[in-house]
Amino acid sequence: MANMMDYLDWRGDLTFQQAPFNEVDNLLLTELVYVDFTGIVPAPGFNGAVFLKDASRLFWEQHTDQEILERVSMTKSAPFVMRKMAESRRFENICLSSYVREIDAEMQSQFSAVCCVMDDQSLFVAYSGTDSTIVGWRENFNMTYLEHTPGQEKAVRYLEEAVRDTHQTVRIGGHSKGGNLAVYAGVFCNESVREKILEVYSNDGPGFAEGVLSCGAYKELLPRIRRVLPQRAVVGMLLGHRAEYEVVHSTENYTKQHDMLSWEVLGPAMVCEDHLSEHSIMIDEILKTWVSAMDIYQRQRFVETIFTMLDNAGVKSVDDLFHMKWRSVSEFIRTQRELSEEEKEILSRTWKMLVGAGSGKLRKTIQDKRRQEKEKAVEIKKAAEMKKVKKAVEIKKERSLK
């Protein structure tokens, strides 16, 4: 099964002037933004840009393959994707500028973005999804009770600063939370900027609260939103959506399908499925039932309690969580014991709601399956009886002819 890396072998020799931008280019650029370009690509406000081939060289002068591979992150493949992009004629001379990587624990915001200018002078603004920091993961959970997050507001300001050339073709996109930020920025940016946007790519990105979905600017942008989901999508089904989606085939299972390197491509296009899996639809219904059963206050208190426990245990990143030593585990358990009665009640009640939503959906699924099996059995029985009747009629007809 081929992925975006194979695409570079197939079409990496073609410039954007020879072969126009396509949906696989979107996958590569939204993977590229996961690379930490701090000190390599100029920040906003600083003139100049860096060719991708030079950015890749500088990055690998500072890092080793082994160092990157030891990280606990679904996005640790991004530097290797960048290296192959930098070796291709199609991407080696794209210009990178205005790189931002901000982690603000106080504002509970993790934000990263970069501007990419192709050789046809078109602009792609790429927003990063959640990195390995706990701050970034908390911002995802905050979306369950906040209509607007600090990261989303930063995405709008970034886009408005990036789009200055009135004649430039503009595309924006991101993966996971980055897809959410891309759509949000496209909706809430100045109208003069929004009208320049050709396409917005949300690659398995979560949705929004009803207030965003019902605003006029969202409806205006809707025809330009390209929403992509793997067949067992979970993240991309979260919260509310209005945009149509296409289902890309993933070679992985369950949550690993969130990794864009598992998405199958053929030439300049993704290999698509007809529909989402029953598993994806069931998980979506369970999570929506769970979240809707809580009011805003309970959602907020649940998120605050979970992440306060992680903070008190000294967990600052996903790597810390996976490599927790006994001392940290003991601290996490002690922190849970020291919760207030209200916090303990919120945790207990919320988990029970999740289990209830899951078991309720599972019961319904089993009941539906049994009903379908009964209906199928009835249909088979009817078909068999009709076959017998037809056969009897044929025999009778043959006898009458004799």
Side-chain angles (χ1 to χ4, degrees), residues 23 26-27 30 125-130 136-137 139-149 151-153 155-156 159 171-189 194 197-250 254-255 257-260 263 270 272-294 296 299 303 354 357 361:
E23 58 188 10
N26 142 67
L27 299 183
T30 51
V125 178
Y127 293 100
S128 170
T130 306
W137 281 96
E139 187 172 27
N140 287 348
F141 280 80
N142 287 350
M143 288 181 182
T144 62
Y145 65 87
L146 291 176
E147 193 164 292
H148 311 280
T149 68
Q152 290 172 333
E153 291 168 353
V156 175
L159 181 62
R171 297 179 180 88
I172 57 180
H175 169 250
S176 193
K177 183 183 73 178
N180 173 283
L181 297 182
V183 174
Y184 186 93
V187 170
F188 289 98
C189 65
R194 191 184 317 114
I197 299 172
L198 185 64
E199 293 173 309
V200 182
Y201 288 91
S202 179
N203 302 297
D204 206 18
F208 304 92
E210 184 58 35
V212 175
L213 301 176
S214 60
C215 75
Y218 180 85
K219 294 173 183 176
E220 178 191 333
L221 189 69
L222 203 52
R224 289 174 276 171
I225 297 175
R226 296 285 305 278
R227 185 178 166 215
V228 182
L229 301 171
Q231 69 265 31
R232 285 179 176 258
V234 175
V235 177
M237 298 291 284
L238 298 175
L239 302 177
H241 294 273
R242 293 285 188 277
E244 296 294 328
Y245 58 82
E246 56 184 319
V247 181
V248 61
H249 175 76
S250 170
Y254 301 102
T255 56
Q257 291 198 357
H258 190 51
D259 184 354
M260 291 188 292
W263 296 3
M270 290 179 279
C272 292
E273 299 278 354
D274 292 332
H275 49 73
L276 290 167
S277 70
E278 290 182 4
H279 170 270
S280 176
I281 295 169
M282 183 175 73
I283 293 295
D284 177 53
E285 290 179 1
I286 289 172
L287 292 177
K288 281 185 169 58
T289 300
W290 180 46
V291 172
S292 64
M294 295 183 281
I296 297 297
R299 295 177 204 173
V303 172
L354 176 58
K361 178 58 184 173

- Query: Between Gln231 and Val247, is there a donor-acceptor pair closer than 3.5 Å when you use the side chain of the first and the backbone of the second?
  - Reply: no
- Query: Do Arg224 and Leu221 come within less than 4.5 Å of each other through their side chains, counting heavy atoms only?
  - Reply: yes
- Minimum heavy-atom separation for Gln257 to Ala233, with atom names? OE1-N, 4.5 Å
- Query: What distance do Asn180 atom CG and Thr149 atom OG1 have between them, rounded to the nearest 0.5 Å?
  - Reply: 7.0 Å
- Message: Does any part of the side chain of Leu181, heavy atoms only, come nearer than 4.5 Å to the side chain of Gln152, both counted from C-beta?
- Response: yes
- Task: Kindly say whether Gly236 contributes a backbone atom to a donor-acceptor pair with the side chain of Asp204 at under 3.5 angstrom?
- Result: yes
- Message: Looking at Tyr184 and Ala155, would you say the former's side chain and the latter's main chain have a donor-acceptor pair under 3.5 Å?
- Response: no
- Task: Give the minimum heavy-atom separation between Gly174 and Ala182, together with the two atoms involved.
- Result: N-CB, 4.2 Å
- Message: Holding to side chain to side chain donor-acceptor pair (under 3.5 Å), I want the full list of residues that pass it with Asn203, two or more places apart in sequence or in another chain.
- Response: Asn26, Thr30
- Message: Quick check against the 3.5 Å criterion: does Glu23 have a side-chain atom that pairs as donor or acceptor with the backbone of Met270?
- Response: yes
- Query: For Leu229, does its backbone N or O pair with a side-chain atom of Trp263 as donor and acceptor, under 3.5 Å?
  - Reply: no
- Expected output: side-chain Arg194 to main-chain Val187 donor-acceptor under 3.5 Å: yes
- Item | Minimum heavy-atom distance between Ser176 and Val235, given as atom pair plus value | OG-CG1, 3.9 Å
- Output the distance between atom OG (Ser280) and atom CD (Glu285), rounded to the nearest 0.5 Å. 10.0 Å
Tabulate below the donor-acceptor pairs under 3.5 Å that side-chain atoms of residues 210-217 make, not counting sequence neighbours, or state none.
| from | atom 1 | to | atom 2 | distance (Å) |
| --- | --- | --- | --- | --- |
| Glu210 | OE1 | Arg242 | NH2 | 3.1 |
| Glu210 | OE2 | Arg242 | NH2 | 2.9 |
| Ser214 | OG | Glu210 | O | 3.0 |
| Ser214 | OG | Gly211 | O | 3.4 |

- Check against side chain to side chain contact (heavy atoms under 4.5 Å, CB included), Val200 and Arg226: CA-CA 6 Å; Val200 182; Arg226 296 285 305 278; over 6 Å; no
- Within a strict 4.5 Å, meaning less than it, do heavy atoms of the His148 and Phe188 side chains meet? yes
- Side-chain contact test, heavy atoms from C-beta onward, threshold under 4.5 Å: evaluate it for Val183 versus Tyr218 and give yes or no. yes
- So the salt bridge (Lys or Arg N to Asp or Glu O under 4.0 Å) pairs with at least one residue in residues 227-237 (sequence neighbours excluded) are none
- Item | N/O donor-acceptor pair under 3.5 Å between His175 side chain and His258 backbone | yes
